[in-house]
Amino acid sequence: MSGKRHGWQAEAMRHHGEKPRADDARGAGPGERPHRGPGLLPPLPVPGRGTQLISLDGRVLTLTNLDKPIWPREGYTKFDLINYYFRVSGFILPHLAGRPLSLKRYPNGAGAPFFFQKRAAPETPAWIRTRRIKHADTGESIDYIICDDVSTLLYLANLACISQNPWLSALPELDRPDILALDLDPSDPDDFEGCIQVALLVKRQLDRFGITGYPKTSGATGLHVYLPIRPAYTYGQCRQFAKIIALLCREERPDLITLESSVSRRGGKLYLDYMQNVKGKTLASVYSVRARTGAPVSTPLKWDEVQPGLRPADFTMENTPARLTAAGDLFAGALAGGHDLMRAVTRAERMLS
DNA sequence: GCTATGC
DNA sequence: GCATAGCAACGCGTG
DNA sequence: CACGCG
Ligand SMILES: [Mn+2]
Ligand SMILES: [Mn+2]
């Protein structure tokens, strides 16, 4: 992965004269250090209050306002958010690596106003990887943040970045997505059962083509299905194929599904959004937390979990570490290798008409 | 969350 | 010192 | 062309 020798080992350093505490150095002994690997990391070895310095990846990171409530009703603080991302970093980082990000930030808490940030701010430390990307027509460019390591991940979390939204394409192929996303958006936020039915419909279509799709909760009201694809085709080509799948699904259940871009014409049906497959558009990353009640997490699912009774609110910042220990990264396959879109399109077009 | 500004 | 404001815009489909 | 959308 990062090739850094420091691994997870973090050294807490005291900030302006705070008194030493007995538990400060927990786990810091060289002999008892868990090794870095695909697994969960232990809790972040710093006190969950005030300002703390921590050394990660050989960089010194300042974590501020750690006891600030971010989910006040749940009692979750900024420390809890940072600690979550630290613990799951080995699982989320492969899904962020090399992808320009839109950050969704909530400096005053999950219930307060948010803002998106795509441009790296001037004060961004030099060790944060950025990539200057030119806008298509206007020669303007944006320095996007790219999160390849745990130090960057925690820097972002300290900015109250609750959700990281990565592109569907990764370096070096920014114009050729390696993920095709189907975004299932219920018109009725409470109709998750309908969403489940549509997801199963999507799977049935994918099965016809021999394509593997990977489902996850969005963490909000819907589901995402990701198709790993070889980064050989343009966003336009991917979108065309996504539209074919969407059309086939709507053909089967026009009573449940709409492809209507106008909200007012959706008639309460689920919007099967294939239009996310556009350069620069993003979805909340897998394992990303959402600024909603209970701190839900966008969670990979096994297809046999996609059935009535599934509830996205059941997957949270609190219980995701345990699920990862038990199930591992169910989305690993969404990154490994990809379908050849061309063969799939040929097969699909034959079926459509 | 952080910086830049204007009072 | 205090109160503010900015922090994403854009590619696409449709009318 | 201007919208609306995410
Ligand atoms: Mn969605
Ligand atoms: Mn959508």
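The figures that follow rest on heavy atoms only: side chains count, while hydrogens, waters and symmetry mates do not. In the text below, chain A, chain B and the rest are named by the order of the sequence lines, each starting its count at 1. What you are looking at is a predicted structure, and each value in this text was computed from that prediction instead of being measured.
Heavy atoms from other residues, nucleotides or ligands lying under 6.0 Å from CZ of R266(A) number more than 12. Shown here is R73(A), whose CZ atom has no more than 12 heavy atoms of other residues, nucleotides or ligands within 6.0 Å. Heavy atoms of other residues, nucleotides or ligands lying less than 6.0 angstrom from CD of E74(A) number more than 12.
Closest to the R119(A) side chain, of the nucleotides dG6(D), dA9(C), dC12(C), is dA9(C). The listed nucleotides are dG13(C), dA9(C), dG6(D); the one nearest the side chain of R239(A) is dG13(C). In this structure, of dG6(D), dA8(C), dC12(C), it is dC12(C) that holds the atom nearest to the side chain of M275(A).
Closest-nucleotide positions on DNA chain C for F116(A) and S261(A) were compared, and the one nearer the 5' end corresponds to F116(A). Between K243(A) and E140(A), the residue anchored closer to the 5' end of DNA chain C is E140(A), taking for each the nucleotide with the nearest heavy atom.
The distance between the ring centers of W167(A) and Y144(A) falls below 6.0 angstrom. Ring-centre distance between Y106(A) and F114(A): below the 6.0 Å cut-off.
Atom-to-atom, CG of L259(A) to C1' of dG13(C) comes out at 12 Å; the value is rounded to the nearest Å. Atom OH of Y106(A) is separated from atom P of dC7(C) by 18 Å (rounded to the nearest Å). Atom NZ in K118(A) sits roughly 12 Å away from atom P in dC7(C) (whole-Å rounding). A straight line from CG of L156(A) to P of dC7(C) spans 19 Å, rounded to a whole angstrom. Distance D185(A) CG to dG4(D) P: 19 Å, rounded to the nearest Å. The distance from atom CD of Q276(A) to atom C1' of dG6(D) is 6 Å, rounded to the nearest whole Å. At whole-Å resolution of the value, CZ in F115(A) and P in dA8(C) are 9 Å apart. The interatomic distance linking N108(A) (CG) with dT4(C) (P) rounds to 14 Å, in whole Å.
At least one side-chain nitrogen or oxygen of H135(A) sits closer than 4.0 Å to the OP1 or OP2 atom of dG11(C). Look at R265(A) and you won't find any side-chain N or O under 4.0 angstrom from OP1 or OP2 of dC5(D).
D149(A) contributes a side-chain N or O that, together with a main-chain N or O of T152(A), makes up a donor-acceptor pair within less than 3.5 Å.
Residue-level contact check: T282(A) touches neither bases nor backbone, having no heavy atom under 4.0 Å from any strand. Within 4.0 Å of K78(A), counting heavy atoms only, lie sugar-phosphate atoms of the nucleic acid but no base atom. Note on L103(A): nothing from the nucleic acid sits closer than 4.0 angstrom, heavy atoms only.
Under the 4.5 Å side-chain criterion, counting only non-hydrogen atoms from C-beta, L159(A) is in contact with R105(A).
Comparing dA9(C) with dC3(D), their C1' atoms are spaced 15 Å from each other, to the whole Å. Look at the P atom in both dA8(C) and dA4(B): the space between them is 16 Å, to the nearest Å.
Here the options are K134(A), R129(A), R132(A), the test is salt bridge (charged side-chain N to carboxylate O under 4.0 Å, His left out), and the partner is D143(A); only R132(A) passes.
You can see that DNA chain B meets the heavy atoms of chain A within a 4.0 Å-exclusive cut from dG1(B) to dT3(B), reading 5' to 3'.
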